[in-house]
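We name chains A, B, ... by the order of the sequence lines, and we start the count at 1 in each one. When reading the values below, keep in mind they use all heavy atoms of this one structure, side chains included, and skip hydrogens, waters and symmetry mates.
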2 protein chains.
Amino acid sequence: MSKKQLIMEKALELFAKQGFEATSVQQITDHCGISKGAFYLSFKSKDELIFSLIDYFMTQLISDIDYKVKNTQNNELLFTYFYTTFQTFSQHSDFAKVLMKEQAQTFHNQELIEKMYMYDRLVDKATLSMVERLYGEEIINTKYDLVYCIKGLMGNYSKLMLFSNVPLDLKLLSESLVEKINLLAEHATIAFISEDFIRSMEQPALKEVTNEQLLEMLTQKIEEMEESIEKESLILLKQHLLDPSLNLAIVKGLIENIRNHPHCKWISYLLLSYFNF
Amino acid sequence: MSKKQLIMEKALELFAKQGFEATSVQQITDHCGISKGAFYLSFKSKDELIFSLIDYFMTQLISDIDYKVKNTQNNELLFTYFYTTFQTFSQHSDFAKVLMKEQAQTFHNQELIEKMYMYDRLVDKATLSMVERLYGEEIINTKYDLVYCIKGLMGNYSKLMLFSNVPLDLKLLSESLVEKINLLAEHATIAFISEDFIRSMEQPALKEVTNEQLLEMLTQKIEEMEESIEKESLILLKQHLLDPSLNLAIVKGLIENIRNHPHCKWISYLLLSYFNF
DNA sequence: TATAATAATGACTAATCGGTCAATTGTCAA
DNA sequence: TTGACAATTGACCGATTAGTCATTATTATA
């Protein structure tokens, strides 16, 4: 096992017990049996560690569920969705606990909040497409409510599973939720969440960012980074913000250059919205 | 406004935005326009502040809902339960946000965790008694699941209300949840949470309150309060506890007098249960 | 075996935290 | 105006944090 994996594994145990903020780097390295310096050979910061953990598990979680859902017949679909999710949560209960504890609102790192929000929306999207496939046009008015009900029930029962120390019958649990969601899908008539509401919620998510703020962030990022294509792209973007002279296609390309760099995700996101791409 | 109230008010704003742990005492005192020392004249510690906030709002919340539920006809009961809760959350949105952020698992103070757990169980208990009253013997197998569904749906929709900056139609929301819960109560057959399961998780809830405890609380409240009908009522209630001599109807009326005073919600709740009203 | 390259260490720094307390300011009766 | 008392202040304390880096240990190579 690589040192990076060791740290991620041991840190996850502590995060699940105590939470992210409450766990110190020293505790993590003690628990791994390594020195503090060794930690910083694997991760640039404590934030990068939680980033890695969230990315590692969330991509797995989402792709797992997505695959199962895409390869299951409709008559078993809802059950598979619940059962797979609960099983995955049960299997990676430490990560699931971290996920429950550190809801989007508790982190202080803006990039991290954005990341959690992004994954949350991805899960919502997958759930919505499942609901649409299952019930079609019948639930066109209530489909968003149905998604929220699934989310609410799953969240609450997951909490029960994770934090009560009683072993649960996940098949029975999944069956009982299938019954409930089917009931709601077939008989509920009052729609609370409309498409307009969903759209009006998405809007304020990206708050207008100013030229000055972007310049400040770019300057800071450029200082931080080592020589690379990404750094060169940042420098060119900064110059363009100071004195617009580049073709829009070139600007888009420069943003694309930095989009996948782990430390540039947020700034590229802001740049994209600033230039209305 | 007393200094204590000022601090509680201003601190709550910061806690709602940043969370409890992430807000420093210095930030609170800056936001109040007082010195750090002055903070510690009003509160023994930062923990005592969050204790006060949680007690102040939770006692109000629980006794409010409990009273409404006890004094509403069955045909309006579920709607009233939802609507009152959402309205209270909306009215005290800063506290509701703190409540959502600092779920039982995030605090580090053991007493605080226990307190949150205790209030959580009180809410569950109130919800359960409502469910039993509404659906009687029909849902004897599924009543605990029903309570958990109510909790899950309410929690998820509350999150929507608090953290999306879109004004919501709380009446429509409550109606839609009434429809959903009625559907589940009438048609759901698969029980997942059994009485045994609940018992295996159970810990002592609200202990029976003693005459002495009530007297102590009354004495303290009487000292705190300014001259008013409410204070006079408290004094009479104290005398009645020391030497029972009043007609039960009078006692009920005296409790009614204090029920809506923000500082007497909890004591009135305890008195009501002490006298079996 | 000798040497260069790499990995790992832990004492250290600067910042921030909750909490304290000697010193200062404000109040009011004499 | 004075002086006793209460209220208020903010510099300061010890503890803890994330993160650094000169030093040491280990490994690979010649």
Side-chain angles (χ1 to χ4, degrees), chain A residues 1-15 17-54 98 101-102 106-113 115 220-221 223-226 262-263 266, chain B residues 1-15 17-54 98 101-102 106-113 223-224:
Chain A
M1 192 195 305
S2 77
K3 187 133 298 167
K4 217 163 173 167
Q5 274 178 291
L6 172 73
I7 294 172
M8 283 172 74
E9 213 166 89
K10 296 291 186 184
L12 190 58
E13 291 174 18
L14 295 174
F15 291 164
K17 266 187 235 154
Q18 314 169 337
F20 172 68
E21 302 281 352
T23 303
S24 70
V25 174
Q26 190 69 63
Q27 276 179 286
I28 295 168
T29 55
D30 285 351
H31 198 228
C32 291
I34 62 173
S35 71
K36 208 171 174 187
F39 174 92
Y40 286 94
L41 292 174
S42 293
F43 294 96
K44 233 183 71 187
S45 68
K46 195 186 165 193
D47 274 356
E48 199 186 88
L49 168 60
I50 189 76
F51 262 80
S52 300
L53 280 169
I54 287 173
V98 172
K101 284 191 188 191
E102 321 288 341
T106 64
F107 287 121
H108 307 127
N109 182 315
Q110 187 61 37
E111 262 184 271
L112 205 41
I113 292 172
K115 175 155 278 183
Q220 200 188 327
K221 273 277 174 290
E223 268 179 41
E224 284 172 21
M225 291 184 68
E226 291 159 13
H263 297 110
W266 181 240
Chain B
M1 192 195 304
S2 78
K3 184 133 305 167
K4 217 163 171 164
Q5 274 178 291
L6 172 74
I7 293 171
M8 283 172 74
E9 213 167 272
K10 296 291 185 183
L12 190 59
E13 291 174 19
L14 295 175
F15 291 165
K17 266 188 234 155
Q18 313 170 339
F20 172 68
E21 302 280 352
T23 303
S24 68
V25 174
Q26 189 69 62
Q27 276 178 289
I28 296 169
T29 54
D30 286 351
H31 199 227
C32 291
I34 61 173
S35 71
K36 208 170 170 185
F39 174 91
Y40 286 94
L41 293 174
S42 292
F43 294 95
K44 229 177 63 194
S45 68
K46 196 186 163 194
D47 274 356
E48 197 186 90
L49 167 61
I50 190 74
F51 262 81
S52 300
L53 280 169
I54 287 174
V98 172
K101 288 191 187 192
E102 322 288 341
T106 64
F107 287 123
H108 306 128
N109 183 315
Q110 189 59 36
E111 252 184 285
L112 204 42
I113 292 172
E223 269 179 40
E224 283 173 22

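- Annotation: side-chain hydrogen bond (donor to acceptor under 3.5 Å, both in side chains) contacts of B:S42 (sequence neighbours excluded): none.
- The minimum heavy-atom distance between A:I50 and A:V98, with the atom names listed, is CD1-CG1, 4.4 Å.
- The side-chain contact (heavy atoms from CB on, under 4.5 Å) check on A:K10 picks up A:L6, A:E13, A:H31, A:C32, with sequence neighbours excluded.
- Backbone-only engagement by A:I34 is indicated by non-hydrogen atom pairs under 4.0 Å involving sugar-phosphate atoms exclusively.
- With sequence neighbours left out, B:S45 forms a side-chain contact (heavy atoms from CB on, under 4.5 Å) with B:D47, B:E48.
- When all heavy atoms of B:V25 and B:K36 are compared, the pair lying nearest together is CG1-CG, 4.1 Å.
- Computed from coordinates, the B:K3 NZ to D:dA6 P distance equals 17 Å when rounded to whole Å.
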Please list, pair by pair, any protein nitrogen or oxygen found under 3.5 Å from a nitrogen or oxygen in nucleotides 15-23 of chain D.
from, atom 1, to, atom 2, distance (Å)
D:dA18, OP1, A:K46, NZ, 2.9
D:dA18, OP2, A:V25, N, 3.0
D:dA18, N7, A:K36, NZ, 3.0
D:dG19, OP2, A:Y40, OH, 3.1
D:dG19, OP2, A:K46, N, 2.8
D:dG19, N7, A:K36, NZ, 3.1
D:dG19, O6, A:K36, NZ, 2.7

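- At least one side-chain heavy atom of A:I34 sits less than 4.5 Å from a side-chain heavy atom of A:I7.
- Take B:F39 and apply the ring-ring contact (aromatic ring centres under 6.0 Å, His included) test, not counting sequence neighbours, and it matches B:F43.
- Interface limits on DNA chain C: the 5'-most and 3'-most nucleotides within less than 4.0 Å of chain A heavy atoms are C:dA8 to C:dG10.
- Geometrically, A:K46 engages A:F20 in a cation-pi contact, judged by NZ or CZ lying under 6.0 Å from the ring centre and within 45° of the ring axis.
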